[in-house]
Amino acid sequence: MPRKEGPKISRRAWITTTSGVIAAGLVRSQSDAIKLVAQEVPAADPTKVPGRLVSELGRRASAEQPKRLLRAQELSSSSRTPLADLMGTITPSDLHFERHHGGIPDIKFEDHELLVHGMVDRPMVFKMSDLMRYPQVSKVYFLECSGNGGGVYSQTRMPTEVTVQAMDGLLSTSEWTGVPVSTILREVGVRRGASWILAEGGDAAVLSRSVPLDKVMDDSLLAYGQNGERIRPEQGYPVRLFLPGYEGNANVKWLRRIEVTDRPTHTREETSKYTDPLGDGTIRQFSLMMDAKSVITFPSYPYVLPERGWWEIQGLAWSGRGRISKVEVSTDAGRSWVEAALQGPVLPKSTVRFRHLFEWRGRETIILSRATDETGYVQPTVQQLWEARGPATSYHQNHQRAWKIAAGGEVTFGLGDMV
Ligand SMILES: Nc1nc2c(c(=O)[nH]1)N[C@H]1C(S)=C(S)[C@@H](COP(=O)(O)O)O[C@H]1N2
Ligand SMILES: [Mo]
């Protein structure tokens with residue numbers, strides 16, 4: 001191992017410094033000494049030098065620096081989770097994908113207010129301290145933007161050098177903590193005849209969406225916690241609406257108002273956008289459910305299989321309708337399928353990791369995955385999706401993905417070979 005030249009620190013200097021006596025001229029403070037030892041002698045046997053001491057906040061190993069992939073167009077911006085770099089199912093909070101229509105507002109926890117009104121007996125304003133007094137729940141759920149997978153390719157443009165992150169990185173999974181919306185709606189008393197709510201965000205986009213009351217009363221949360229700490233500003237601090245299994249857009253962040261109504265409000269986000277033209281002149285509206293989907297994260301572009309032999313295909317599967325019941329994998333371009341192992345626990349409306357060991361014999365092939373959920377819904381092929389939905393829509397692209405493995409081991413996006 002080549003060693004970096006640097007100021008020499010003797011064992012004696014270190015010991016003297018940590019005991020509180022400053023070694024003359026060598027280091028100025030105890031923390032400097034810790035830094036010097038850690039940085040200047042990287043190749044030393046770690047059992048022969050003292051290690052770094054405690055810190056208030058943890059950090060990643062310097063060689064492990066996964067990053068979100070950014071896109072920004074004026075005020076509209078997004079960042080994508082590096083799915084292929086992660087393990088298990090939980091997304092580290094600083095790698096959760098983001099989608100902001102008007103940037104991230106700077107909201108103070110103490111100042112934030114949530115107004116709940118409309119068809120209710122007692123309109124109320126809740127401070128965060130009020131919301132936090134209600135019994136809280138914590139649940140693991142995925143969140144996916146309905147634009148995930150759209151935009152990267154189309155029927156006429158099928159690039160091969162696409163990463164999982166660029167294609168499907170608008171997907172993350174967290175443990176969300178909050179109070180069920182049903183608790184708060186019982187508090188204000190929903191009037192007979194009410195059937196929808198309008199949820200409104202306190203950001204520069206004032207993003208607002210209509211949600212059926214049934215869904216809201218079923219399993220929706222006012223989420224103020226994410227993976228054990230308060231929700232991040234990017235995810236809607238101090239509180240967001242969380243609708244398990246529903247398209248990302250309806251999960252209104254920085255939530256400031258809920259209006260109980262007897263019809264959908266037809267906001268901008270559910271008329272000009274987040275609707276799916278079906279190609280026959282009609283348009284699908286309120287396509288809120290995220291249908292079952294799976295992606296192979298390994299092997300995927302830009303990975304190169306270094307040698308033939310046994311490799312474990314891995315990926316993620318999820319469904320907004322409930323649990324994933326099985327994931328099948330094909331290693332021969334969809335001619336035959338085998339059931340992959342699911343790495344439990346298999347939670348409803350959450351991601352599950354699947355694995356399948358396959359022997360790569362050094363021949364060109366295409367690998368695919370196909371998820372089925374507990375309702376019997378099967379992830380469609382891209383042809384089935386285009387037939388049902390037409391070519392114009394870029395939302396809800398949940399069809400099977402394909403990776404092509406070349407004879408040399410190079411892995412590229414293989415959907416172009418499947419259509
Ligand atoms: N108030 C508000 N809520 C919002 C948005 C927004 O821009 N403003 N973006 C929506 C979209 S399109 C998605 S996909 C999700 C993204 O949530 P995340 O940034 O926590 O991943 O939030 C939704 N909620
Ligand atoms: Mo989104």
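Order of appearance sets the numbers: ligands from 1, and atoms from 1 within every ligand.
Under the 6.0 Å distance and 45° angle rule, Arg68 does not count as a cation-pi partner of Phe97.
Contact check on Asp168 versus Lys293 returns a salt bridge, with a Lys/Arg side-chain nitrogen under 4.0 Å from an Asp/Glu carboxylate oxygen. Between Glu247 and Arg209, at least one side-chain nitrogen of the basic residue sits less than 4.0 Å from a carboxylate oxygen of the acidic one, meeting the salt-bridge criterion. Classification of Asp203 and Lys253 as a salt-bridged pair fails, no side-chain N sitting under 4.0 Å from a carboxylate O. Ion pairing between Glu175 and Lys139 fails under the 4.0 Å rule for side-chain N and carboxylate O.
Which of Lys273, His96, Arg80, Lys253 comes nearest to atom 19 (O) of ligand 1 through a heavy atom is settled by distance: it is Lys253.
In terms of polar-atom proximity, defined here as any N/O pair under 3.5 Å, Arg99 does make such a contact with ligand 1. Any N or O atom pair closer than 3.5 Å counts here, and Gly102 shares no such pair with ligand 1.
The residue Glu247 has no part lying near ligand 1, judged by heavy-atom distances below 4.0 Å. When heavy-atom distances to ligand 1 are checked against a 4.0 Å cut-off, Tyr274 comes that close only through its side chain, counted from C-beta outward.
Counting the atoms of ligand 1 from 1 in the order shown, those under 4.0 Å from a heavy atom of His100 are 7 (O). Close approach of ligand 1 to Cys145 (heavy-atom distance below 4.0 Å) involves ligand atoms 14 (S).
The shortest contact between atom 8 (N) of ligand 1 and any protein heavy atom is with Asp203 OD2, 2.6 Å.
For the ligand labelled ligand 1, residue Glu144 lies outside the 4.0 Å heavy-atom shell.
Here the closest non-hydrogen pair linking Arg257 and Leu114 is N-CD1, 3.6 Å.
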